[in-house]
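All chains are named by letter (A, B, ...) in the order of the sequence lines, taking the proteins before the strands, and each is independently numbered beginning at 1. Fair warning: this is a prediction, and the values are worked out from it, not measured in the lab.
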There are 2 protein chains.
Amino acid sequence: MVTYCRSVLDDDPVFKALADPVRRLLLDLLFVQDGRSLGELDAAVNEHTEMTRFGVSKHLRQLENAGLVLTRKRGRTKHHYLNPVPIQQIHQRWIGKYTERAGIASVLLGMKEQLEQSPDEPKRPGHEPKDES
Amino acid sequence: MVTYCRSVLDDDPVFKALADPVRRLLLDLLFVQDGRSLGELDAAVNEHTEMTRFGVSKHLRQLENAGLVLTRKRGRTKHHYLNPVPIQQIHQRWIGKYTERAGIASVLLGMKEQLEQSPDEPKRPGHEPKDES
DNA sequence: TTGACATGTGACTAAATGGTCACCTATTGT
DNA sequence: ACAATAGGTGACCATTTAGTCACATGTCAA
């Protein structure tokens, strides 16, 4: 109880870390290949967008604080490793219940488009509010 | 292709919308009971944190823009409905691959704690960088 | 019609965030 | 020892964001 793993109970930093496209790109890069240094990641990021080493470093630190990236210093270079566990946690503890419901809701796959284009419909099959007039 | 549902290709607003705890609370509230009005949601939110009607309204609009909440105006009140589809989408298109990998990585369930407490270890089983000294 | 109710709007402030830079430390190789 | 390399720090600025408020609109009910 008391020694319960600290990061388990606040997934907020994880969600916050995932909110930035550059950070998601970094995770994608590490997903493809683990253990890269800051310099390597900086180079990879700059194939997509322009950003200095410092910006990349800051993003990596945020990922690290969220537990999504684990690091190991080896000589003068710092290697970064993807840790997918926090993502799995927010999935289990939060996202899962929504995807289950969505699985039901989106039986008709094209439904979403229709839903988003008719702003005067409640847009969920069945389960209409029971018109308490 | 051309008419591909607009919101499918940028999940960024969805991640951004999920990055705030109040907005996640709103989704949780709508998950429990759909179709609530702004006033009702305001009251429910204020059981957890203090916020004016305007703040809640703003958050709801962001959720709406991300497609996570669909609305219908009925008389003078606006009803809010949860739409889990965008969450399912980011799950399929992004989160899924990480949770799969995490499923492998966390075969030992208690592993994560250990990993986070030994900052001088690469912390992923196998797949060590090949010590190119 | 009048007043209470439910919500929307635009301006505004305070705080958080993303990004850069000048400078620093530590490590490596010669 | 020296220069080159990899990275960290703290200050700094611009932009975004969260939140509130005064005010306006539309709706219901007497």
If a protein heavy atom is under 4.0 Å from the base, mark B; if only from the sugar-phosphate, S; if neither, -; do that for nucleotides 18-30 of chain C going 5' to 3'.
SBBBB----BS--
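Residues satisfying the salt bridge (Lys or Arg N to Asp or Glu O under 4.0 Å) criterion with A/Glu64, sequence neighbours excluded, are A/Lys78. A/Phe54 meets the ring-ring contact (aromatic ring centres under 6.0 Å, His included) test with no other residue; sequence neighbours excluded. For B/Thr52, there are no side chain to side chain donor-acceptor pair (under 3.5 Å) partners, not counting sequence neighbours. In this structure B/Lys58 satisfies the side-chain contact (heavy atoms from CB on, under 4.5 Å) test with no other residue, sequence neighbours excluded. Residues meeting the ring-ring contact (aromatic ring centres under 6.0 Å, His included) test with B/His59, sequence neighbours left out: none. In this structure A/Ala44 satisfies the side-chain contact (heavy atoms from CB on, under 4.5 Å) test together with A/Leu29, A/Arg36, sequence neighbours excluded. Qualifying side-chain contact (heavy atoms from CB on, under 4.5 Å) partners for A/Arg76, counting only residues two or more places apart in sequence or in other chains: none.
Listed for the B/Asp12 side chain is no donor-acceptor partner under 3.5 Å among the backbone atoms of A/Asp20.
Axis deviation across the helix from C/dT1-D/dA30 to C/dT30-D/dA1 amounts to 30°, comparing end segments of five pairs, rounded to 10 degrees.
Between A/Ile90 and A/Phe15 the shortest side-chain heavy-atom distance falls below 4.5 Å. Looking at A/Pro84 and A/His91, their side chains never come closer than 4.5 Å, going by heavy atoms from C-beta outward. In this structure, B/Thr71 and B/His79 have side chains that are not in contact, with every pair of non-hydrogen atoms separated by 4.5 Å or more.
In the 5' to 3' direction, nucleotides of DNA chain D lying under 4.0 Å from heavy atoms of chain A begin and end at D/dA4 to D/dT9.
Residue pairs meeting the ring pair (Phe, Tyr, Trp, His ring centres under 6.0 Å) criterion with at least one member in residues 21-51 of chain A, sequence neighbours excluded, are A/Phe31-B/Tyr98.
Contacts between residues 38-47 of chain B and DNA chain C, defined by a heavy-atom separation under 4.0 Å, are made by B/Leu38, B/Gly39.
Checking the phosphate oxygens (OP1, OP2) of C/dT7, a side-chain nitrogen or oxygen of B/Ser37 falls inside 4.0 Å.
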